[in-house]
Visitor: 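Got a structure here, written out as structure tokens. Questions coming.
Residue numbers start at 1 and run along the sequence shown. Counting starts at 1 for both ligands and their atoms, in listed order. All values derive from a computational prediction rather than experimental measurement.
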Amino acid sequence: MKVAVASDHGGFEQKQEIVAYLKEAGHEVLDLGPADDGSVDYPDFALLVAQAVAQGAAEKGVLVCGTGLGMAITANKVAGIRAANVTSVEFATLAREHNDANVVTLSGRFVDPATNKEIVLAFLTTAFAQGRHERRVAKIHEAEAWRLPKGDYPQA
Ligand code: RB5
């Protein structure tokens, strides 16, 4: 699977580990940075991954910051993105089964690397359950119409 990955400084170390883990597992990784652990603004990197997924350059996205919170808040501003901030394998599974999440956001400071890798594995291998969840996911995207004045969506 083609997976876009990025972090801020708070998630850099675990981002590096996740990139290596995904490559070892045979995934094609789009590492969208940063290249070192210098201080950066998480929205810049959340948007790179969100746009890559929304435009189809990657099938799924993984973002790591200190908490995962700022990454999720930012990524969810992009039309077509369903980003879930996940701190357990159970939530990763449910984020896929119920919410069809296409981006997972992780905490580099409060969740250990082994758990985050298990979360990523569950996120990439769990299918959307469809059925009643399809109607609910469609309603998430109906809400995107409220984000910008009509006709003002950014073009790819
Ligand atoms: C950066 O210090 C921190 O705010 C960031 O990594 C993240 O936790 C934001 O949600």
Side-chain angles (χ1 to χ4, degrees), residues 1-25 27-126 128 136-137 139-141 143-148 153-154 156:
M1 188 184 295
K2 197 160 178 184
V3 186
V5 183
S7 73
D8 72 352
H9 49 285
F12 177 76
E13 217 168 286
Q14 289 216 34
K15 188 262 286 182
Q16 297 301 91
E17 283 197 37
I18 287 165
V19 166
Y21 172 71
L22 289 172
K23 284 182 178 170
E24 262 172 49
H27 295 285
E28 192 181 338
V29 179
L30 206 55
D31 182 351
L32 296 175
D36 59 47
D37 65 359
S39 183
V40 293
D41 295 336
Y42 61 80
D44 296 335
F45 291 89
L47 287 173
L48 290 178
V49 165
Q51 287 163 355
V53 173
Q55 292 173 349
E59 195 176 323
K60 295 274 184 342
V62 179
L63 287 162
V64 196
C65 66
T67 57
L69 292 168
M71 291 297 199
I73 290 167
T74 308
N76 279 318
K77 298 291 180 190
V78 174
I81 293 304
R82 297 175 298 281
N85 185 201
V86 168
T87 56
S88 71
V89 172
E90 290 79 6
F91 271 36
T93 303
L94 287 167
R96 286 291 310 129
E97 287 178 347
H98 289 199
N99 313 114
D100 199 14
N102 50 14
V103 173
V104 68
T105 74
L106 306 171
S107 167
R109 290 187 176 144
F110 297 94
V111 177
D112 63 88
T115 303
N116 271 335
K117 283 176 205 154
E118 283 179 40
I119 287 169
V120 169
L121 178 65
F123 173 70
L124 295 180
T125 56
T126 304
F128 179 43
R136 294 162 185 167
V137 169
K139 287 185 178 184
I140 294 173
H141 293 293
E144 286 165 356
W146 290 95
R147 290 187 172 178
L148 289 169
Y153 280 94

Visitor: Quick one: which ligand 1 atoms are inside 4.0 Å of a heavy atom on H9?
Guide: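 Heavy-atom distances to H9 below 4.0 Å select 1 (C), 2 (O).
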Visitor: Checking salt bridge (charged side-chain N to carboxylate O under 4.0 Å, His left out) for the pair K15/D31: CA distance, chi angles, key distance, verdict?
Guide: CA-CA 9 Å; K15 188 262 286 182; D31 182 351; 3.0 Å; yes
Visitor: So between Y42, F45, F12, whose heavy atom ends up nearest atom 9 (C) of ligand 1?
Guide: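 Nearest heavy atom to atom 9 (C) of ligand 1 lies in Y42.
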Visitor: Can you confirm whether Q16 is buried at CD, in the sense that more than 12 heavy atoms of other residues, nucleotides or ligands lie under 6.0 Å from that atom?
Guide: yes
Visitor: Can you confirm whether R82 sits close enough to V137 that some side-chain heavy atom of one is under 4.5 Å from a side-chain heavy atom of the other?
Guide: yes
Visitor: T67 versus F110: any side-chain heavy-atom pair under 4.5 Å?
Guide: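 T67 vs F110: side chains touch.
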Visitor: Taking only residues two or more places apart in sequence or in another chain, which ones pass ring-ring contact (aromatic ring centres under 6.0 Å, His included) with H141?
Guide: none
Visitor: Would K2 and E59 count as a salt bridge (charged side-chain N to carboxylate O under 4.0 Å, His left out) if you check the C-alpha gap in whole Å, the side-chain angles of each, and the deciding distance to 0.1 Å?
Guide: CA-CA 6 Å; K2 197 160 178 184; E59 195 176 323; over 6 Å; no
Visitor: So if I count the atoms of ligand 1 from 1 in the order they appear, which ones are less than 4.0 Å from some heavy atom of G66?
Guide: 5 (C), 6 (O), 7 (C), 8 (O)
Visitor: Ligand 1 versus M71, non-hydrogen atoms closer than 4.0 Å: side chain, backbone, both, neither?
Guide: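 Neither part.
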Visitor: Around atom 2 (O) of ligand 1, find the nearest protein heavy atom and jot down its residue, atom name and distance.
Guide: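 Atom 2 (O) of ligand 1 sits closest to the protein heavy atom R109 NH1, 3.4 Å.
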Visitor: Could you check atom 7 (C) of ligand 1 against the protein and tell me its nearest heavy-atom contact, residue, atom and distance included?
Guide: C65 SG, 3.3 Å
Visitor: Go through ligand 1 atom by atom and flag the ones less than 4.0 Å from a non-hydrogen atom of D8.
Guide: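 Taking each heavy atom of D8 in turn, ligand 1 has 1 (C), 5 (C), 6 (O) under 4.0 Å.
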Visitor: Which atoms of ligand 1 sit under 4.0 Å from any heavy atom of G70?
Guide: 9 (C), 10 (O)
